[in-house]
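For reference, the structure discussed in these notes is given below.
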Amino acid sequence: MQLGREHWERAFSVLERAFSLNKACSIKDMKNTFQLVRNIIPPLTTKKHKGQDGRIGIVGGCQEYTGAPYFAAISALKVGADLSHVFCTQEAAPVIKSYSPELIVHPVLDSPDAVQDVEKWLPRLHALVVGPGLGRDDGLLRNVKGILEASKARDVPVVIDADGLWLIAEQPALIQGYQKAVLTPNHAEFRRLSEAVLRDPLDSSDPHGAVLRLSQALGNVTVVRKGERDVISDGRQVLECSQEGSSRRCGGQGDLLSGSLGVLVHWALLAGPEKTDGFSPLLVAAFGACSLTRQCSHQAFQKHGRSTTTTDMVAEVGPAFARLFES
Ligand SMILES: NC(=O)C1=CN([C@@H]2O[C@H](COP(=O)(O)OP(=O)(O)OC[C@H]3O[C@@H](n4cnc5c(N)ncnc54)[C@H](OP(=O)(O)O)[C@@H]3O)[C@@H](O)[C@H]2O)[C@@H](O)CC1
Ligand SMILES: Nc1ncnc2c1ncn2[C@@H]1O[C@H](COP(=O)(O)OP(=O)(O)OP(=O)(O)O)[C@@H](O)[C@H]1O
Ligand SMILES: [Mg+2]
């Protein structure tokens with residue numbers, strides 16, 4: 001289905017080059033940004049083997065939270081990854097397995113050998129999503145610190161969300177300057193992170209500048225600030241995604257976003273900057289994940305209204321993806 005002028009105007013209201021004043025971008029630019037996302041999507045062919053379109057790992061899942069890693073892992077598969085692994089605590093594993101036979105679940109995160117147990121999978125993973133449903137137990141966070149260090153050493157791209165961002169706020173050096181990292185804070189996580197890194201109260205009058213500055217202070221790590229509008233920056237450029245979503249704020253929507261982003265980050269890095277027209281591949285991947293999540297929310301809300309939950313959104317990943325990126 002062809003998307004109309006109004007759609008593009010809503011979808012992408014502002015494109016801002018860093019250090020320049022706000023410049024409303026033309027409809028041509030908006031279309032082009034969606035085109036950049038399309039450019040990074042690998043074609044479906046009969047010539048590929050299982051795994052080539054993405055093997056994604058999710059690090060999270062503990063006694064309290066089993067839904068979040070499930071949403072992230074299943075969303076990665078629904079976007080188009082071939083295999084989705086969850087590294088969680090022993091207790092959480094049977095619960096997460098019971099939600100879906102499609103996930104590969106490793107009950108290792110609270111073991112004394114957690115770092116080695118995850119590390120041996122790293123050569124086979126294209127991206128790691130760290131944090132959904134992780135919780136804030138000190139022992140678990142120590143293990144995750146080791147997993148992040150091992151991922152950096154092997155150049156594995158990482159998306160950091162939820163309690164993974166709690167760890168980064170405590171120890172920003174863990175991610176400082178790592179060019180293959182994307183952080184996806186919600187409102188509260190952004191404030192915590194920003195105040196920890198910049199050591200200043202957050203300036204709420206300048207949302208674009210705040211994201212730009214945080215990214216710069218972290219050495220150009222890509223930051224996605226989720227909210228009524230999503231603001232994305234790599235410290236050089238700022239993109240805003242205002243794709244129409246819905247007014248439902250049920251839990252788990254951010255998990256859908258981070259899981260989807262895990263796959264898109266892999267695809268974007270594989271495609272490289274030639275396909276993203278000078279934009280950082282991670283910026284394009286982030287724009288893709290934000291617009292997809294919001295479109296899922298929009299479509300699910302049209303069907304389910306007030307009773308919309310993240311499970312309803314997961315069911316929309318395929319149709320929403322096709323509508324935004326394959327039409
Ligand atoms: N089904 C599951 O298993 C799910 C599990 N999840 C997992 O839960 C863990 C904790 O994650 P989290 O997001 O609850 O984080 P946290 O830092 O405690 O912030 C919460 C506080 O921040 C505030 N706040 C938030 N947004 C705001 C806004 N826009 N504007 C203003 N305030 C806002 C708000 O404050 P309040 O309104 O209570 O004052 C709220 O209480 C993590 O592991 C995550 O993955 C979730 O993924 C959901 C599905
Ligand atoms: N006020 C809003 N209006 C429209 N969309 C929003 C609004 N706030 C958040 N979103 C969208 O909801 C999605 C998840 O963002 P949110 O801030 O809820 O993340 P989160 O708190 O991490 O979610 P989770 O419950 O999974 O932890 C994003 O796609 C974001 O664009
Ligand atoms: Mg969250």
Side-chain angles (χ1 to χ4, degrees), residues 10-13 58-75 79 86-89 91-92 95-96 98-99 109 129-137 140-141 144 159-170 182-196 202 204 207 211 223-232 239-262 264 285-301 308-314 316-317 320 324:
R10 252 198 335 259
F12 194 104
S13 62
I58 312 294
V59 177
C62 62
Q63 189 183 29
E64 293 90 342
Y65 308 123
T66 53
Y70 162 76
F71 288 136
I74 199 76
S75 300
V79 165
V86 178
F87 301 93
C88 60
T89 65
E91 246 180 324
V95 182
I96 297 170
S98 76
Y99 297 151
L109 216 48
V129 180
V130 178
L134 175 63
R136 293 175 192 167
D137 174 83
L140 285 187
L141 293 179
V144 171
V159 174
I160 306 187
D161 187 30
D163 303 310
L165 296 169
W166 174 268
L167 177 63
I168 299 302
E170 300 274 298
V182 186
L183 311 185
T184 56
N186 65 18
H187 177 85
E189 290 154 352
F190 184 82
R191 177 176 293 273
R192 192 182 301 128
L193 203 55
S194 186
E195 293 185 350
L202 182 60
S204 46
V211 180
V223 177
V224 179
R225 181 186 191 176
K226 298 172 292 188
E228 192 172 347
R229 287 151 185 262
D230 298 327
V231 181
I232 309 162
L239 292 181
E240 185 178 284
C241 177
S242 52
Q243 178 76 24
E244 188 175 7
S246 84
S247 300
R248 274 291 281 150
R249 298 273 66 80
C250 57
Q253 300 185 39
D255 307 316
L256 190 159
L257 192 156
S258 60
S260 309
L261 182 53
L264 287 165
F287 182 82
C290 291
S291 42
L292 178 66
T293 307
R294 296 169 73 104
Q295 179 68 18
C296 288
S297 175
H298 180 64
Q299 291 182 193
F301 190 79
T308 300
T309 61
T310 300
T311 301
D312 303 317
M313 287 173 56
V314 170
E316 297 298 329
V317 169
L324 291 181

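Every number for a ligand or one of its atoms is a count from 1 in the order of the listing.
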### Query
Are V223 and P185 close enough that some pair of their side-chain heavy atoms sits under 4.5 Å apart?
yes
### Summary
With heavy atoms and a 4.0 Å threshold, my read on which part of D230 contacts ligand 2 is side chain
### Task
Quick one: look at L134 and ligand 1, take heavy-atom pairs under 4.0 Å, and tell me if it's side chain, backbone, both or neither.
backbone
For [atom], what is the closest protein heavy atom, and at what distance to 0.1 Å?
| atom | answer |
| --- | --- |
| atom 23 (O) of ligand 2 | G254 N, 3.2 Å |
| atom 28 (C) of ligand 2 | L257 CD1, 3.8 Å |
| atom 13 (C) of ligand 2 | Q253 CB, 3.9 Å |
| atom 27 (O) of ligand 2 | D255 OD1, 4.3 Å |

Give the single entry among [options] that approaches [atom] most closely by any heavy atom.
| atom | options | result |
| --- | --- | --- |
| atom 22 (O) of ligand 1 | A188, C250, A72, P185 | A188 |
| atom 3 (N) of ligand 2 | R248, K226, R249 | R249 |
| atom 27 (C) of ligand 1 | R249, H187, R191, Q253 | H187 |
| atom 47 (O) of ligand 1 | D255, D161, L256 | D255 |
| atom 16 (P) of ligand 1 | K226, R136, E189, E64 | R136 |
| atom 29 (O) of ligand 2 | L165, T293, T310, N186 | T293 |

With a 4.0 Å cut-off on heavy atoms, is [X] in contact with ligand 1?
| X | answer |
| --- | --- |
| E228 | no |
| G254 | no |
| R192 | yes |

### Message
For G227, state whether at least one heavy atom is located under 4.0 Å from any atom of ligand 2.
### Response
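G227 counts as a contact of ligand 2 under the 4.0 Å cut-off.
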When you compare ligand 2 with [X], is there at least one nitrogen or oxygen pair between them that comes in under 3.5 angstrom?
| X | value |
| --- | --- |
| S246 | no |
| G252 | yes |
| R294 | yes |
| H187 | no |

Could you say whether the N/O atoms of [X] and ligand 1 ever approach to under 3.5 Å?
| X | result |
| --- | --- |
| A68 | yes |
| G133 | yes |
| G251 | no |

